[in-house]
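Single-structure report; data block below.
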Amino acid sequence: MNTSATFGVGTPSESDFRDTRGGDMSEIGLTKGHVTVGSVEIQAAKMTARGVNIFYGDKQAIHDVTVDIGKNQVIAMIGPSGCGKSTFLRSLNRMNDTIDGCKIEGDIRIDGEDLYSPKLDVVELRARVGMVFQKPNPFPKSIYDNVAYGPKIHGLAETRVDLDEMVEKSLRRAGLWDEVKDRLFQAGTGLSGGQQQRLCIARAIAVSPEVILMDEPCSALDPIATARIEELIEELSHNFTIAIVTHNMQQAARVSQRTAYFHLGRLIEVNPTEQVFTNPEHSLTESYITGRFG
Amino acid sequence: MSKEPIYLEKIQRSLVGRYRAERVFRGCGMLAVSLGLAAVLLVFVDIFIKGTGAFSATYIALDVTYEKDLLGIENFADQRQVNSGDWEAVYKQALRRDFPDIRKRGERRKLYALVSSAAGYDIKDRLLANPGLLGSKETLWVLADDDIDSYYKSWLDGNAYTARLTDGQIRVLDTLINTERMQLRFNANFLTRGDSREPEQAGIWGAVIGSFLTLMLTLVLSFPVGIAAAVYLEEFAPKNKVTDFIEVNINNLAAVPSIIFGLLGLAIFINLFQIPRSIPVVGGLVLAVMTLPTIIITSRAAIKSVPPSIREAALGMGASRNQTVLHHVLPLALPGMLTGAIIGMARALGETAPLLMIGMVAFIVDIPAGFTDPATVLPVQIFLWADSPERAFIEKTSAAIMVLLGFLVTMNTSAVWLRKRLERRW
Ligand SMILES: Nc1ncnc2c1ncn2[C@@H]1O[C@H](COP(=O)(O)OP(=O)(O)O)[C@@H](O)[C@H]1O
Ligand SMILES: [Mg+2]
């Protein structure tokens, strides 16, 4: 896959890009009215984004992105760092609301409901669209309390027994139960990195969200822990809709059904994963997956 | 991959210089630390040497007789008799008996002056507690006057201080010393009484209670308000010009000389709101205003140091802003906030200037019983004693500083301890 990797070390930026291609954006097809190639729309869409622009202050980080996220599917978002993957992902459960100066235009829906309509409650949305972050971030509380936190604040458990069940079920689904069942009341922060990340996944699925967003969930983990999480994602995708940002193209190829390639804030191509990695439609996608920049 | 020899040589040569620079740097650091420690030690030792004297007082043994006629008392149940009782007559009679050749009125007065005027009250208390003693005899240790105390302590050190004593008095004292009727005893008065014009009767307790009441109020007012302000500014306030303006002003307030807060308290609390001066209420208010910026700043720093990933995790779970703060940010920031509060309190405990402005510098004998009783505080007490001409107040001043330092060290240690304890991150 890396046969034509002549450069591509370091962080690519707009200027890198110009140097390598010897022209500006318009020459290689990134015009102002750029249209994403491939199949952005899908039959059974769980979430839809239409014409999304995202700004940090005056700076635009996402330009006119339109894409569907399929129900009970995994969609991988790839692209050079700084291209806006995280920004776009975070707009799907309104985590960007917490950033001062972040502004969103366009239309994002979950099951047809407008995410940004004043009628929608952001707390409820985040219960429906959970998130797993790049760096494992368990609360500095016990393993049990970490998983029980969501059900507690959303009032999902009637009794202590209910709660115990929920915690066990979530830990089992996250493949962590056997490792932690004897130390549920020890600190979650005392686990290994991979275990912490699975704890965070257990915490996220404890409230039975419909969608799980994962922002480079394995980038801080070793290969073995990564493999475990990938298995987990595969399993979870039967019941949950998953959007995963990843730096690792093999990972995208392994876990996802569809892949979206972002470049400089624009969505270049969305296609079935296999096609993206074997026969990309856009030349930029091809450059990226063949390792010309990344 | 091997280096070319010429490079290795250059590296080796530069190493010598680098190690030398490191040694010099470390030496400077250690010198600075030792200088600081030496200065602190010097102050502590000096205060300790000067101050320990205040914890003992000179007592004189007298063979007293509790004669009814002398006291003018038949029955302790009769309040009128108790009120008009001549308690001092008891020790005066004993002195006259011990030194019969002192007859002139002036010399007699000098003789009586060897005993503290507090002795009469001590005798009264003793008799009221043990009415059975009436009519009996005993050897009683009575508190000596402060000049005698100074003389005896300096005599023990081999360098008797006689400046304020007459020759007759010194002869009497030497007799008492030679017959072992003079003794240093633990000075409970210093730890249990209020201030007094007579150094031997002056105690620190009034100031301790005054400081305690004032600081309680300061803490109760400034801690919740400070934390609420810090949480609001950090977690909820919109980031705009108004917030920036508030932030700049809080930082400015923290740097304002404390006496300005005293003037503010005088103008607002006393002149405008007509709160009486010299009471812990007004002192507490002034110190609360003074401490507030410090608490806000340290609390904000504590909140800032909570990793953003924890906030994201909570928000991502669907916790509301409020829940995020209450469940996660505050518990993690609390050790830092408490440390800040204790350091703020320690500063308030040592503060004198603003309290001078609001009349807490008054001479107050009674131990305050509540927030509205006139009171003084430890540092002001130190100031007052340091300003008194009597030689005996020198040791009182140092001893009061020891007490104040004791409280400060305790508070700062507890700040460290609290942080250590709560910081076990969960
Ligand atoms: N909080 C922020 N404030 C301002 N700019 C941001 C912020 N977060 C990200 N950006 C900018 O937005 C662009 C996209 O960032 P991001 O979504 O994090 O990229 P990716 O996740 O693809 O690496 C980058 O240029 C980055 O500098
Ligand atoms: Mg990112």
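Letters A, B, ... are given to chains in the order of the sequence lines, protein chains preceding strands, and every chain is numbered from 1.
Top candidate by heavy-atom pairs under 4.5 Å with chain B, chosen from A/Arg94, A/Met131, A/Met95, is A/Met95. The most heavy-atom pairs under 4.5 Å with chain A, out of B/Pro238, B/Ser309, B/Ser320, B/Ala313, come from B/Ala313. Ranked by heavy-atom pairs under 4.5 Å with chain A, the first of B/Gln323, B/Glu312, B/Lys239, B/Arg321 is B/Glu312.
B/Ser305 OG to B/Leu332 CG: the interatomic distance, rounded to the nearest 0.5 Å, is 8.5 Å.
Looking at A/Asp107 and A/Arg109, a side-chain N of the basic residue comes within less than 4.0 Å of a carboxylate O on the acidic one, giving a salt bridge.
Taking the six-membered ring where tryptophan is involved, the planes of A/Phe139 and B/His328 are essentially parallel, since the angle between them stays under 30° and well short of 60°.
Heavy atoms of other residues, nucleotides or ligands lying less than 6.0 angstrom from CZ of B/Phe407 number 12 at most.
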Item to check | From CA spacing to verdict: side-chain hydrogen bond (donor to acceptor under 3.5 Å, both in side chains), A/Gln60, A/Asn53 | outcome: CA-CA 7 Å; A/Gln60 187 164 4; A/Asn53 291 304; 2.8 Å; yes
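Contact of A/Pro209 with chain B is not made at all, since no heavy-atom distance falls under 4.5 Å. In this structure, chain B has a heavy atom under 4.5 Å from the side chain of A/Arg90, while its backbone stays farther away.
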